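Below is one structure, written out as structure tokens, with a few remarks after it.
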Amino acid sequence: MKKLFYLLFFCCLLAGNLHAQDLIYQPVNPAFGGDTFNYQWLQSSAQAQDKTTDPNAQVNSLLNRSPLDDFEQNLNRQILNQLSRQLVASQFGEDALEPGSYTVGSYEIDVTEGGSGVNIVIVDIGTGDRTTVTIPYF
């Protein structure tokens, strides 16, 4: 009983000296009013934990290509390489490069003479991508 009395007396003495403070909630997520500097950290943390994958996404485009597509791309590359070698050789050689329009595979090539050199415009018919090459006169 004496111990209980001392315990209660000690608790009453401490209760007079205790102070409380207000608890303030500060959200972490910037979408809910948190600090905007947390956004990058939250984004990278979420991406690091993300284990789901899209089942419709192609994992590796090399595995999904057909041999016929590979052959077509390889053939187009070889033709364009040979054509570029011939264009440069004929421009810098004794024979002049003749202007004209050529269609090679899925590429359309326009050769025109300009003030600073021979202009070659290569257009990919499938995608519409355009590349312009100017070979200067010497």
Side-chain angles (χ1 to χ4, degrees):
M1 178 87 171
K2 203 175 194 181
K3 290 182 182 181
L4 183 61
F5 176 73
Y6 286 131
L7 182 62
L8 286 174
F9 180 72
F10 183 69
C11 287
C12 289
L13 285 175
L14 286 179
N17 294 333
L18 293 178
H19 301 284
Q21 69 181 17
D22 293 332
L23 293 177
I24 299 174
Y25 172 72
Q26 177 67 32
V28 175
N29 193 336
F32 299 111
D35 191 5
T36 57
F37 293 117
N38 290 336
Y39 180 77
Q40 292 294 331
W41 177 79
L42 287 171
Q43 181 73 24
S44 65
S45 177
Q47 287 176 347
Q49 295 173 24
D50 186 16
K51 301 293 183 206
T52 59
T53 58
D54 184 9
N56 296 328
Q58 293 181 354
V59 177
N60 192 349
S61 63
L62 294 176
L63 297 175
N64 296 328
R65 288 194 325 210
S66 71
L68 189 57
D69 291 337
D70 287 341
F71 176 74
E72 179 185 0
Q73 289 178 359
N74 189 12
L75 185 62
N76 280 340
R77 258 187 239 110
Q78 287 181 7
I79 290 172
L80 287 174
N81 286 337
Q82 183 67 26
L83 180 64
S84 67
R85 274 189 241 111
Q86 287 176 355
L87 288 173
V88 171
S90 66
Q91 179 62 25
F92 293 115
E94 295 178 8
D95 297 333
L97 183 63
E98 295 189 24
S101 181
Y102 307 99
T103 302
V104 178
S106 62
Y107 296 101
E108 185 175 305
I109 301 166
D110 292 325
V111 179
T112 58
E113 292 184 10
S116 61
V118 176
N119 295 324
I120 304 167
V121 179
I122 303 171
V123 179
D124 186 354
I125 298 170
T127 63
D129 292 338
R130 178 180 298 263
T131 303
T132 303
V133 179
T134 302
I135 302 174
Y137 291 125
F138 283 101

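Hydrogens, waters and symmetry mates play no part in the numbers below; they use all other heavy atoms, side chains included. If you're wondering where the values come from, they're calculated on a predicted model, not measured in any experiment. We're numbering straight along the sequence, starting at 1.
The minimum heavy-atom distance linking Asp124 with Ser106 is given by the pair OD1-O, 3.3 Å. When all heavy atoms of Ile125 and Thr103 are compared, the closest pair comes out as CD1-CG2, 4.4 Å. The minimum heavy-atom distance linking Pro27 with Gly33 is given by the pair CG-C, 3.7 Å. Heavy-atom minimum distance, Gln26 versus Gly34: NE2-CA, 4.1 Å.
Rounding to the nearest 0.5 Å gives a distance of 5.5 Å between CG of Asn29 and CG of Leu42. Between Gln78 atom CD and Gln73 atom CD the span is 12.5 Å, to the nearest 0.5 Å. Here CD1 of Ile24 is found 6.5 Å from CG of Asp22. Values are rounded to the nearest 0.5 Å.
Val123 has its side chain out of reach of Asp129: every pair of non-hydrogen atoms, C-beta onward, lies at least 4.5 Å apart. Between Ser116 and Thr134 the shortest side-chain heavy-atom distance falls below 4.5 Å. Contact check for Ser101 versus Val111: no side-chain heavy atoms found under the 4.5 Å cut-off. The side-chain heavy atoms of Tyr107 and Leu80, taken from C-beta on, include a pair separated by under 4.5 Å.
Two different hydrophobic clusters hold Tyr102 and Val121 under the rule that ILVMFWY side chains link at heavy-atom gaps under 4.5 Å. Hydrophobic clustering of Ile, Leu, Val, Met, Phe, Trp and Tyr side chains at less than 4.5 Å, counting indirect connections, unites Ile122 with Leu75. Both Ile79 and Ile109 belong to a common hydrophobic cluster when Ile, Leu, Val, Met, Phe, Trp and Tyr are linked at side-chain heavy-atom distances under 4.5 angstrom.
Ser44 and Gln40 are not linked by any side-chain donor-acceptor pair at a separation below 3.5 angstrom, with hydrogens and angles left out of the test. A donor-acceptor pair shorter than 3.5 Å cannot be found between the side chains of Asp110 and Thr112.
When atom types are taken as modelled, the side chain of Asn81 and the backbone of Arg77 share a donor-acceptor pair closer than 3.5 angstrom.
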